[in-house]
Amino acid sequence: MANNTNQAGFASKLGAILAAAGSAVGLGNVWRFPTETGSNGGAAFILIYLLFMFLLAMPIMIAEFTIGRHGQSDVSSSFDKMCGGKKGWKYMGLIPVVAGFLVLSYYAVVAGWTLDYAVRAGMNDFAGKAAADYANDFAAFSSDPLRPLAWLFLILALTFGIVAMGVQKGIERGAKIMMPILFIFIAVLVVCSMTLPNASLGLSFLLKPDFSKVTGATCLSAMGQAFFSLSVGLCCLCTYACYFRKDIDLIKDGFSVATIDTLVALMSGLIIFPAVYSIPGLSPDAGPSLVFITLPNVFQTVFGNMPVLAYAFSLMFYLLLVMAALTSSISMLEMAEAYFQKKYGISRFKSALGVSLVCGVLGIACSLSFGIWKDLTVFGMGFFDLFDFLVAKFIMPVGGFLTCIFLGWVVDEKILRAEITNDGKLKQPLYPVFRFIIRYFAPVCIVVIFMNELGLFDVIKMMF
Ligand code: PHE
């Protein structure tokens, strides 16, 4: 397949779906989803999350697929090609490129932590510690000026290496190797977790909804989580879609990607909550520390008299996190890389290297904001929190909103129909539903999320 980034596209349909699923499945599923579920009361949150996943995030992802596959180029050129001469839209592509730098810079910091934890699990470093040690260890590690930086650079180097190898040899092959291992690890860990004492308590936390706990904030967190988890709003999947073949059914295969992403999130819940309930005194709403402080403790305590299992469980879990993070960071780098490759006519290698180096520098600032630069703040936030705020709470909703407006209102409907039906070859009964969602439902929902994130509802409440 020819395309403007001088790269062969994904060789197989499976490779394309796995690569897109790899972008979607990441720390958002294994780290952020259990955190959000835990702090939002469990099953009721999950039900609302599922609704938003399939009614909002998935259609926007399909919209990104449509733009990418039709545009056959990097984000910016794809928007330019489809805007029918409406000049301003070509700059729309710049938003995700800038966001790509920001998101990779801070995501790679957490991805680096997972690598450190995987290595420590491999060296059996968690064995024989007291409960308080895990929290102290994490605080000492994340605020260390050097150790997290070494892991950050290693993650960026791995991401760069895979992206530099190209679409088929790097991204597709990486996804084809890592994704199946990830599924096997997850399945094994779920089975182990379900056999722990009190696992049923964790299960009922996940399955028995308590709607009395649902508030407006719960709904909005669920929407935000669906967005982040499916990588929607930054056009990473738009870039991947320019490598899609013409036989990909955007709606059906988009559904597969969203289903894989959702299943991984739910299974992460099935690993984490039964494990948390198996030790008295631990709480499912421990927040972001669940994965780095609570879980190493859980593994050691629960399997206290079976050290081999404690070792295997921890190692598998952190390796799983590393792989999930890598398949996502690859998509972040690829999006920015494709842009500079096309715009300046440079090689994939040089473009990916340049982006990685800039992300390395920005990443240092993010990493140090947990330690020696803790007091260096912009708008009251350290660099890590600032980047996360800008990406997840500002650029993602804006990017998703503009994608819907662009495809629903600016692009010629004939193009949209032709892409969704593969030039009329597919009967696509869901086309009108999809079009309705991206024209009306999704933009309205995003405005609601956005107003909440900016605290505008609080301002409105205060006014009345
Ligand atoms: N979806 C990824 C995750 O769940 C994160 C991501 C966000 C990836 C934005 C690409 C773009 O971890």
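Positions are given from 1 along the sequence. Bear in mind the structure is a predicted one, so any value in this text is a computation, not a measurement. One-based numbering, in listed order, for ligands and for the atoms of each.
- A donor-acceptor pair shorter than 3.5 Å can be found between the side chains of Ser12 and Glu172.
- Side chain to side chain, Asn422 and Asp249 fail the donor-acceptor criterion of an N or O pair below 3.5 Å.
- A donor-acceptor pair shorter than 3.5 Å can be found between the side chains of Ser229 and Asp261.
- If you look at Phe10 and Tyr240, their ring centroids are closer than 6.0 Å.
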For ligand 1, output the ligand-protein N/O contacts shorter than 3.5 angstrom; if there are none, return none.
{"residue": "ligand 1", "atom": "1 (N)", "partner": "Ser23", "partner atom": "O", "Å": "3.4"}
{"residue": "ligand 1", "atom": "1 (N)", "partner": "Ala24", "partner atom": "O", "Å": "2.9"}
{"residue": "ligand 1", "atom": "1 (N)", "partner": "Phe228", "partner atom": "O", "Å": "2.8"}
{"residue": "ligand 1", "atom": "1 (N)", "partner": "Ser229", "partner atom": "O", "Å": "3.0"}
{"residue": "ligand 1", "atom": "1 (N)", "partner": "Ser231", "partner atom": "OG", "Å": "3.0"}
{"residue": "ligand 1", "atom": "4 (O)", "partner": "Ala24", "partner atom": "O", "Å": "2.9"}
{"residue": "ligand 1", "atom": "4 (O)", "partner": "Gly28", "partner atom": "N", "Å": "3.3"}
{"residue": "ligand 1", "atom": "4 (O)", "partner": "Asn29", "partner atom": "OD1", "Å": "3.2"}
{"residue": "ligand 1", "atom": "12 (O)", "partner": "Leu27", "partner atom": "N", "Å": "3.0"}
{"residue": "ligand 1", "atom": "12 (O)", "partner": "Gly28", "partner atom": "N", "Å": "2.8"}
{"residue": "ligand 1", "atom": "12 (O)", "partner": "Tyr107", "partner atom": "OH", "Å": "2.5"}

Tell me which donor-acceptor pairs under 3.5 Å the side chains of residues 153-163 have, and how far apart each pair is, sequence neighbours excluded?
{"residue": "Thr159", "atom": "OG1", "partner": "Ile155", "partner atom": "O", "Å": "2.7"}
{"residue": "Thr159", "atom": "OG1", "partner": "Ser329", "partner atom": "OG", "Å": "3.1"}

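- The aromatic ring centres of Phe33 and Tyr49 sit less than 6.0 Å apart.
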